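To find a chain, count down the sequence lines: A is the first, B the second, and so on, and within it residues start at 1. Worth saying up front: this structure is predicted, and the values here are computed from it rather than measured. Scope of the values below: all heavy atoms of this structure, side chains included, with no hydrogens, waters or symmetry mates.
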Number of protein chains: 2
Amino acid sequence: MAGSESANSRYVRHSRDDVADAALRILDEYGLPDLTMRRLAAALEVQPSALYWHFPNKQTLLAELADRIVARPAPQVDAEAGWVDRTRAESAGLRDALLAYRDGAEVVSSTFAFGLGASAPLNRLAETIAAGGFDAETSHRAATALLHFILGHVSHEQQRLQFDSLGVLADGVTPDAVEGGENQADAFAFGVTLFVTGLDRSTISQ
Amino acid sequence: MAGSESANSRYVRHSRDDVADAALRILDEYGLPDLTMRRLAAALEVQPSALYWHFPNKQTLLAELADRIVARPAPQVDAEAGWVDRTRAESAGLRDALLAYRDGAEVVSSTFAFGLGASAPLNRLAETIAAGGFDAETSHRAATALLHFILGHVSHEQQRLQFDSLGVLADGVTPDAVEGGENQADAFAFGVTLFVTGLDRSTISQ
DNA sequence: ACCTGAACACCGTTCAAGT
DNA sequence: ACCTGAACACCGTTCAAGT
């Protein structure tokens, strides 16, 4: 039954998954500004209008990419670890997932702000935090705040990666003045620590 | 000497400030997606190409708008207040400034991520935090983390304002399920508290 | 000093029609 | 079920030329 259509395909024919796969490749190779519907269509060797059979619009396609980017398995952490260490690990894992694709943070950030998708990492963070004994609203607010920091930080980080690779630096900014490499990871961990420490010591509701 | 040019102007003639003023009006009235160079030119009754005498490109124009949006005077705070309350006040003031223009947070966020401008609020936050006795790097990192949270939170907040005004809600999301109005201010204050509490209790360097 | 006119090289999206 | 072909209504930017 399967495989009987491979010989008589009249033109290209793709699945929704094919489209998302190709989009993810273009994103990673050329960046978000170059991920246009027309360029994507050309890569798939179809007309731009063909894409609208698979996705109603570009925004929905980007939401699908965002979901894939954050769909990484959460990092394994010591079973005895408390909610603080688990939240740290979850945050670091999310950062890794965003860094795994060029402009990954931008894509997730924009669809998150748009209200579409990207709720998976929010829920994961909220659940991890809730294990600390916080009520649902506190956990949700803390997770949202932490997620905003993470998305902003990694977006910034990826923006710098591109600047550096293009050799573009703002006037008067020497390469040393810009934090790069491991410093970025340190700054990220520092920000996460600020959050969990604040939450841990908070007497708001626990 | 002044005023002798008003009668014999051959065509429209604008200053760089005129252009930024008009752009800010379009931004506030129609939102960032509708702030195009062509629409701006039309509002000023000039050709699109005329804008490029005043600004080298759109990105630079947006950076100018970002600078104006955050140029609000910092809120007055009790002279005896400590760095925690001052940081809270500075954060709330920045939120107000961003909320004062439609899509204000998006504009500032994008130019901040781009590396242009928006350094004024970062410096203000860093200085306020440094008054708590933290070293320069810690203050800078904490200010950056806080700023990322603020920009993400207010962007999200403004995105929701537009959704609500359009009557658009994601499937299955009831209006009650979405935090609105004063809840957003509460959630914002909660996030800021997480930060300053974490920093206050932090033994990293103080 | 500031603008016009015309062009270049693009966008996202719609829709009737084809296979 | 999936794509073509053609169009609509736009974009940002450049550059020679005008006043």
* Asked: Does the pair Glu137(A)/Arg141(A) count as a salt bridge with the N-to-O cut at 4.0 Å?
  -> yes
* Any Thr87(A) side-chain heavy atom under 4.5 Å of Val84(A) side chain -> no
* To do: Counting heavy atoms from C-beta on, name the nucleotide in dG12(D), dC2(C), dT4(D) closest to the side chain of Arg13(B).
  => dC2(C)
* Asked: Choosing from dT4(D), dT14(D), dC3(C), which nucleotide comes nearest the side chain of His14(B)?
  -> dC3(C)
* To do: Pick the P atom in dA17(C) and in dC2(D), then give their distance to the nearest Å.
  => 22 Å
* **Rounded distance (Å) that lies between atom P of dC2(C) and atom CD of Glu45(B)** => 18 Å
* Structure fact -> Quick note, Asn57(A) side chain, CB onward, closest among dT13(D), dT13(C), dC3(C) is dT13(C)
* Just name whichever nucleotide pairs with dC11(C), Watson-Crick or G-U, keeping both distances under 3.5 Å, else none. => none
* Spacing of Leu199(B) atom CG and Phe134(B) atom CZ [to the nearest 0.5 Å] -> 3.5 Å
* What do you reckon, is CZ of Phe188(A) surrounded by more than 12 foreign heavy atoms closer than 6.0 Å? -> yes
* Structure fact -> Partner of Ser91(A) under side chain to side chain contact (heavy atoms under 4.5 Å, CB included), picked from Val192(A), Leu147(A), Thr193(A), is Val192(A)
* Asked: dC2(D), dA6(C), dG12(D): which one has an atom nearest the side-chain heavy atoms of His54(A)?
  -> dC2(D)
* Sidechain N-carboxylate O distance under 4.0 Å for Arg86(A), Glu90(A) -> no
* Between dC10(C) and dA9(D), how far apart are the P atoms? Round to whole Å, please. => 23 Å
* Spacing between Phe55(B) atom CZ and dC2(C) atom C1', to the nearest angstrom -> 14 Å
* Asked: So which of residues 33-43 of chain A are in contact with DNA chain C, with a heavy-atom cut-off of under 4.0 Å?
  -> Thr36(A), Met37(A), Arg38(A)
* Take the protein atom CD of Gln47(A) and the nucleotide atom P of dA16(C), then report the distance between them rounded to whole Å. => 18 Å
* Choose from dC3(D), dC15(C), dT13(D) the nucleotide whose nearest atom is closest to any side-chain atom of Lys58(B). => dT13(D)
* Structure fact -> Between CG of Leu51(B) and C1' of dC11(D) the distance, given in whole Å, is 13 Å
* Selected nucleotide, minimal atom distance to Trp53(A) side chain, candidates dA6(C), dA1(D), dT13(D) -> dA1(D)
* Structure fact -> Paired to dA16(C) by Watson-Crick or G-U wobble criteria (both distances under 3.5 Å) is dT4(D)
* Distance in angstrom units between Leu44(A) CG and dT4(D) P, rounded -> 10 Å
* Could you check His54(B) against His14(B) for ring-ring contact (aromatic ring centres under 6.0 Å, His included), going step by step and ending with a plain yes or no? => CA-CA 9 Å; His54(B) 299 286; His14(B) 296 288; 7.5 Å; no
